[in-house]
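Heads up, the thing below is written out as structure tokens.
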Amino acid sequence: MSVTTLSAPIMAHRQQSWLVRLFDYKPFLVVMCLAPAIGLLAVFLTYPLGLGIWLAFTDTTIGRKGIFVGLENFQYLLTDSLWWNAVFYSVVYTGIATFGKFALGFWLALLLNNHFPFKSLLRAIILLPWIVPTVLSALAFWWIYDPQFSIISYLLVDVLHWRSSNVDFLGSPWPARFSLIAANIWRGIPFVAISLLAGLQTISPSLYEAAMLDGASAWQRFRYITFPMMMPILAIVMTFSIIFTFTDFQLVYAITRGGPGNSTHLLATLAFQRGIAGGELGEGAAIAVSMIPFLVFATLFSYFGLARRKWQQGESND
Amino acid sequence: MTDTVARPAVADAKAAPDTMAWDSGLRRLMMIYLPLGCFVLILLFPFYWMAITSFKPNAELMNYKEHNPFWISSPTLAHIKHLLFNTAYPHWLWTTMLVAIGSTTLSLIASTLAAYAIERLRFRGSPYVGLGIYLAYLVPPSILFIPLATVVVQFGLFDSPMALILVYPTFLVPFCTWLLIGYFKSIPYELEECALVDGATRLQILRRITLPLAVPGLISAGIFSFTLSWNEFIYALAFIQSGANKTVPVAILTELVTGDVYQWGALMAGSLLGSLPVAIFYSLFVDYYVSSLTGAVKE
């Protein structure tokens with residue numbers, strides 16, 4: 001329709017300079033179109049990634065060029081209890097937070113898949129924790145976890161009388177660790193819920209009808225239809241979630257900065273502390289690089305999980 | 001495309017007999033509304049707490065015995081006034097806005113062109129370029145910030161918001177390209193072919209046919225980029241040194257958190273004000289946001 005109206009001015013432009021004809025030459029146009037994106041990514045992503053791996057094998061510090069020291073940084077990390085501590089907490093943090101986010105997010109998605117008034121408004125409200133800058137909501141959590149004026153302590157002590165003293169959320173290792181995990185779960189639920197809701201809406205209702213005719217219970221319908229049909233999308237969302245939870249930085253940096261007594265350092269915050277704050281660029285880079293094997297493992301794991309499911313279902317890929 | 005649109009409608013029709021069969025009103029209340037209410041309460045509570053703290057006078061803030069902590073008896077604007085007139089907060093907001101707009105513009109241009117080339121120009125190897133850009137999204141900033149800091153210093157951009165404008169596209173471009181490829185895919189090829197037959201150049205086709213049809217995609221890519229750059233923390237923390245050039249999230253944490261006694265009122269007011277621009281921006285386009293988020297995941 002609009003094509004016919006367009007053609008007149010286009011014809012008028014026919015006789016044009018060599019420049020326009022150059023842009024009509026497809027290989028040139030392809031290169032020109034890709035240049036900005038590839039250029040930016042090459043300079044600010046691929047090159048730094050390579051540089052980071054190189055730095056991990058040097059003893060560079062801020063203001064001084066380092067020399068190649070081979071595996072020395074990594075050998076040192078293996079003897080460093082803080083690094084082991086960070087690996088341990090990163091794994092715990094990722095494991096529990098991912099589990100929590102997916103269990104609660106899936107539940108919320110199933111709830112949102114029902115029918116009730118103001119549905120789209122509710123979806124919009126629910127996404128807020130995901131939209132608001134993490135550091136700013138982390139500050140709210142920091143205040144909620146305040147040792148003296150925590151609102152949770154107030155509820156537990158003064159309103160419900162369940163405890164006799166305030167909870168010291170961030171003062172000792174395990175409570176601090178779980179407080180951070182709770183904040184991370186809170187922040188992650190909306191994204192998981194909305195993504196899984198999208199997946200739920202693509203499941204054909206005829207499957208449920210058939211199962212109902214066969215007398216399947218609600219649980220059986222979930223177990224044998226919903227869950228397997230959701231597997232591909234679960235795998236994708238989970239890969240993302242694992243990668244970004246494992247490499248999280250903001251929440252921990254804003255709430256505990258790795259404390260108390262370095263017990264809540266994630267690999268990313270430890271890398272920051274050593275590399276930027278402490279000036280040991282080489283060592284910081286080595287800590288950052290040590291995250292890569294975990295990330296590759298997580299990606300491959302869910303990629304193959306996904307591939308297997310696809311093969312089982314015979315190419316239904318949505 | 002058509003069947004994804006049709007499906008939810010069918011799902012609606014199906015829900016009715018299902019609900020009648022086993023849901024009494026009470027059961028529905030207990031199984032759906034009650035848990036949903038709890039979710040909403042928990043997900044929104046920190047914002048409520050943030051908001052209420054921003055307007056509480058210090059006396060009420062630290063005294064739960066005489067004042068109900070969930071309410072404000074005598075609201076005050078003191079914290080916000082302090083923030084706006086005694087700190088560099090307006091300047092931080094301005095910097096954050098500048099960085100978010102700059103990096104969003106840059107990313108939109110780069111990723112629109114890239115997505116057009118990958119999806120529409122179809123050259124040999126275009127799927128691999130697409131895959132490469134997608135994989136770039138999986139490289140997290142916490143692996144890159146140390147080497148990037150040295151790159152930024154090499155380019156003489158250390159402590160300059162320009163560094164952030166140039167670096168943020170590394171996570172924005174992969175995401176936007178991925179989103180826009182999906183939008184371009186949904187535009188019928190015939191439209192472009194007709195224009196090509198009529199003698200339009202490829203750039204004219206992009207400008208006058210493909211881009212106008214992809215406007216919803218451009219809007220959602222823009223919202224995502226804006227919110228993601230407003231959110232960004234680790235690069236801004238590592239590359240910006242001087243107080244005046246900081247972005248809101250970094251500045252609040254490094255400039256407002258001072259000493260042992262935290263200024264909770266001012267901190268929460270800062271968080272609230274820093275969240276508002278994204279929240280407002282997001283609420284204007286929430287439908288695009290939700291549909292593209294779900295669309296991107298479905299791909």
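The contact between Leu108(A) and chain B is made by backbone and side chain atoms together, counting heavy-atom distances below 4.5 Å. For Phe233(B), the parts lying near chain A are the backbone and the side chain together; criterion is any non-hydrogen pair under 4.5 Å. Contact annotation for Ala136(B): both backbone and side-chain heavy atoms come within less than 4.5 Å of a heavy atom of chain A. For a residue to count as touching a neighbouring chain, one of its non-hydrogen atoms must lie under 4.5 Å from one of that chain's; by this rule Leu122(A) touches chain B with the side chain only. Residue contact with chain B, scored on non-hydrogen atoms closer than 4.5 Å, is absent for Ile53(A). The part of Pro174(B) that comes within reach of chain A is its side chain, from C-beta onward, which places non-hydrogen atoms under 4.5 angstrom from that chain. For Thr150(B), the part lying near chain A is the side chain, with the backbone staying farther off; criterion is any non-hydrogen pair under 4.5 Å. Of the atoms belonging to Val129(B), it is side-chain heavy atoms, and not backbone ones, that fall under 4.5 Å from chain A. Both the backbone and the side chain of Thr170(B) come within contact range of chain A, each with at least one heavy atom under 4.5 Å from a heavy atom of that chain. At a 4.5 Å heavy-atom cutoff, Leu206(B) makes no contact with chain A through either its backbone or its side chain. For a residue to count as touching a neighbouring chain, one of its non-hydrogen atoms must lie under 4.5 Å from one of that chain's; by this rule Phe171(B) does not touch chain A. The parts of Ile42(B) that come within reach of chain A are both its backbone and its side chain, each placing non-hydrogen atoms under 4.5 angstrom from that chain. The contact between Leu166(B) and chain A is made by backbone and side chain atoms together, counting heavy-atom distances below 4.5 Å. Both the backbone and the side chain of Tyr137(B) come within contact range of chain A, with heavy atoms under 4.5 Å apart. Residue contact with chain B, scored on non-hydrogen atoms closer than 4.5 Å, involves the side chain of Leu155(A) exclusively. For Glu192(B), no part lies near chain A; criterion is any non-hydrogen pair under 4.5 Å. Interface remark: Val278(B) contributes backbone and side-chain atoms alike to the contact with chain A (heavy atom separation under 4.5 Å). Contact of Phe240(A) with chain B is made through the side chain alone, with heavy-atom distances under 4.5 Å. With a 4.5 angstrom heavy-atom cutoff, Leu276(B) does not touch chain A via any of its atoms.
Between Ala109(A) and Leu197(A), the shortest heavy-atom contact is O-CD1, 3.6 Å. Here the shortest heavy-atom pairing between Ala138(A) and Leu251(A) reads CB-CD2, 3.7 Å. Considering every non-hydrogen atom in both Ser229(B) and Leu172(B), the closest pair reads OG-CD1, 4.1 Å. Here the shortest heavy-atom pairing between Pro147(B) and Leu55(A) reads CA-CD1, 4.1 Å.
Counting heavy-atom pairs closer than 4.5 Å to chain B, the top residue among Ile38(A), Leu41(A), Ile287(A), Leu110(A) is Leu41(A). When Ala117(B), Pro46(B), Ala114(B) are compared by the number of non-hydrogen pairs under 4.5 Å with chain A, Pro46(B) comes out ahead. Ranked by heavy-atom pairs under 4.5 Å with chain A, the first of Leu36(B), Leu228(B), Val173(B), Val151(B) is Leu36(B). The residue among Thr227(B), Val40(B), Leu144(B) with the most heavy atom pairs within less than 4.5 Å of chain A is Leu144(B). Contacts with chain A were tallied for Ala110(B), Ser271(B), Ala149(B), Gly270(B); Ser271(B) has the most, counting heavy-atom pairs under 4.5 Å. Contact count against chain B (heavy-atom pairs under 4.5 Å) is highest for Leu111(A) among Leu111(A), Val43(A), Leu51(A), Thr46(A). With chain B as the partner, the residue from Ala140(A), Ser120(A), Gly50(A), Ser137(A) showing the most heavy-atom pairs under 4.5 Å is Ala140(A). When each of Pro36(A), Pro129(A), Gly275(A), Gly284(A) is checked for heavy-atom pairs under 4.5 Å with chain B, Pro129(A) comes out on top. Among Leu112(A), Ile151(A), Leu128(A), the residue with the largest count of heavy-atom pairs under 4.5 Å with chain B is Ile151(A). Annotation: maximal heavy-atom pairing with chain B below 4.5 Å, among Phe116(A), Phe249(A), Phe141(A), Trp143(A), occurs at Trp143(A).
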- Message: Would Arg257(A) and Thr269(A) count as a side-chain hydrogen bond (donor to acceptor under 3.5 Å, both in side chains) here? Give the steps.
- Response: CA-CA 7 Å; Arg257(A) 304 222 179 173; Thr269(A) 56; over 6 Å; no
- Can Ser206(A) and Glu209(A) be said to form a side-chain hydrogen bond (donor to acceptor under 3.5 Å, both in side chains), step by step? CA-CA 5 Å; Ser206(A) 59; Glu209(A) 280 159 23; 5.9 Å; no
- Message: Checking Glu280(A) against Arg274(A) for the salt bridge (charged side-chain N to carboxylate O under 4.0 Å, His left out) test, could you report, in this order, the C-alpha distance in whole Å, the side-chain angles of both residues, the deciding distance, and whether it holds?
- Response: CA-CA 6 Å; Glu280(A) 298 282 343; Arg274(A) 295 271 170 86; over 6 Å; no
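Outside the 6.0 Å centre-distance limit, the rings of Tyr235(B) and Phe145(B) are not counted as a close aromatic pair. Residues Phe44(A) and Tyr47(A) place their aromatic rings such that the two centres sit no closer than 6.0 Å. The ring of Trp142(A) has its center closer than 6.0 angstrom to the ring center of Trp264(B). Ring centers of Trp107(A) and Phe39(B): under 6.0 Å apart, within the cut-off.
The only option from Val31(A), Leu29(A), Leu34(A) that meets the side chain to side chain contact (heavy atoms under 4.5 Å, CB included) definition with Phe123(B) turns out to be Leu34(A).
Between the CG atom of Leu237(B) and the CG atom of Leu253(B) there is a distance of 8.0 Å, given to the nearest 0.5 Å. The line from OG of Ser90(A) to CG of Leu267(A) is 3.5 Å long, rounded to the nearest 0.5 Å. Note that the CG atom of Asn113(A) and the NZ atom of Lys119(A) stand 6.0 Å from one another [nearest 0.5 Å].
Both tests do not hold together for Arg120(B) against Tyr116(B): distance to the six-membered ring centre under 6.0 Å, angle to the ring axis within 45°.
Counting only distance, with no hydrogens or angles, the side chain of Thr60(A) and the backbone of Lys65(A) share no donor-acceptor pair below 3.5 Å.
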